[in-house]
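To start, the structure under review is shown below, and the notes come after it.
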Amino acid sequence: MRITELADYVDDEGNRLSVGENLRFAASSIIFNERNSVVNIGSNANITQCTITMGRNSELSIAEGCSISGKITVGLNSKIIIGRDFTVTSNITLRAVESTKIDIGDDCLFGSDIIIRTTDGHPIYNAHTKKRINLSQSITIGKHVWIADRAVVLKGASLGNASVLGVGSVLTKKIGDHSVAVGNPAKVVKSDITWERSPNIRSEEFYFNEE
């Protein structure tokens, strides 16, 4: 089932869509491929030129105040949870499959052409044991995180609160709070930082209390 206009929806396959108020859904669609999938979209969201594809037993939650364009895929038994006031410049790719989760905190700013995926895309096996060696893994991104253009976040990675991932970087591991990470693979180059969307904003909760 393909949905191109946002309204609360339930079908005989157990797929459900729940939406808030004051939404924009331009040139976008939600595709329920199988059954028992849930999509929740909060109020004041702007979803433009976005294709959302849901697999069996999957869940997508987009909190209020989000602005998203690109492609979101949630596969079998997987979840993508997006916190409030999440902003994408353009053309993000989010892909969670094989019983994994992408969890993005509140107040995150993502640039253009960013890829975040819990899977390599194809299985790789040990040729002797026939055991798979590249299992999919969940990804966690904290609150107030800035990811710059063309960055890639791969399976098992995480990025802590008030951190920054630089342009074109490839994140493959866990990066803590208040860090700047750059490169391929991304490494921490600065610590004890935070950032703002503009000079006249101060997100006090992400500054250290020196008293």
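- Under a hydrophobic clustering in which Ile, Leu, Val, Met, Phe, Trp and Tyr are joined whenever their side-chain heavy atoms come within less than 4.5 Å, directly or via other members, I72 and V19 fall into the same cluster.
- At least one donor-acceptor pair closer than 3.5 Å links the side chain of S163 to the backbone N or O of G176.
- Under the 3.5 Å distance criterion, the side-chain polar atoms of S78 are matched with a main-chain donor or acceptor of T100.
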Name each donor-acceptor pair under 3.5 Å that joins a side chain in residues 38-46 to protein atoms two or more places apart or in another chain, with its distance.
residue : atom : partner : partner atom : Å
S43     : OG   : E21     : N            : 2.9
N44     : OD1  : N22     : ND2          : 2.7
N46     : OD1  : T48     : OG1          : 2.7

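- Applying the side-chain hydrogen bond (donor to acceptor under 3.5 Å, both in side chains) test to every pair with at least one member in residues 141-158, sequence neighbours left out, gives these pairs: D107-H144, D120-K155.
- L109 places a side-chain heavy atom less than 4.5 Å from the side chain of R197.
- Taking every heavy atom of both residues into account, F32 and L17 meet most closely at CZ-CB, 4.4 Å.
- The nearest pair of heavy atoms linking S58 to S37 is OG-OG, 3.1 Å.
- Formation of a donor-acceptor pair under 3.5 Å by the N91 side chain with backbone atoms of G70 is not found in this model.
- Residues F110 and I141 have side chains in contact (heavy-atom distance under 4.5 Å, counting atoms from C-beta outward).
- Screening residues 37-66 for salt bridge (charged side-chain N to carboxylate O under 4.0 Å, His left out) gives E34-R56, E59-K79 as the qualifying pairs, with residues at least two apart or on separate chains.
- Using a distance-only test at 3.5 Å, with no hydrogens or angles considered, a donor-acceptor pair links the side chain of N134 to the main chain of H122.
- When every heavy atom of T194 is checked against every heavy atom of A162, the shortest pair comes out as OG1-CB, 3.6 Å.
- Between S169 and V182, the closest side-chain pair of non-hydrogen atoms falls below 4.5 Å.
- Put simply, F206 and L165 are part of two different groups of oily side chains (I, L, V, M, F, W, Y) that touch within less than 4.5 Å, one to the next.
- No more than 12 heavy-atom neighbours from other residues, nucleotides or ligands sit within 6.0 angstrom of CZ on R24.
- Annotation: side chain of T140 is not in contact with side chain of S138 (no heavy-atom distance under 4.5 Å).
- Hydrophobic cluster membership is shared by L23 and L60, with clusters built from Ile, Leu, Val, Met, Phe, Trp and Tyr side chains linked at under 4.5 angstrom.
- Here ring pair (Phe, Tyr, Trp, His ring centres under 6.0 Å) pairs that include residues 39-68, with residues two or more places apart or in two chains, number zero.
- Between the side chain of T93 and the backbone N or O of I115 there is no donor-acceptor pair closer than 3.5 Å.
- Pairs passing the side-chain hydrogen bond (donor to acceptor under 3.5 Å, both in side chains) check and including a residue from residues 172-192, sequence neighbours excluded, do not occur.
- For R95, the side-chain contact (heavy atoms from CB on, under 4.5 Å) criterion is met by T73, V97, R117, T119, not counting sequence neighbours.
- For the residue pair S112 and T89, no side-chain donor N or O sits within less than 3.5 Å of a side-chain acceptor on the partner.
- Taken together through direct or relayed side-chain contacts under 4.5 Å among Ile, Leu, Val, Met, Phe, Trp and Tyr, F86 and V164 form parts of separate hydrophobic clusters.
- Across all their heavy atoms, I30 and F25 have their closest contact at CG1-CZ, 3.8 Å.
- If you chain together hydrophobic residues whose side chains sit under 4.5 Å apart, I193 and V189 fall into the same group.
- At a threshold of 4.5 Å between non-hydrogen side-chain atoms, the residues I139 and D103 do not count as touching.
- The shortest distance between side-chain heavy atoms of I175 and V188 falls below 4.5 Å.
- Of the candidates I81, L94, V145, L94 is the only one forming a side-chain contact (heavy atoms from CB on, under 4.5 Å) with I104.
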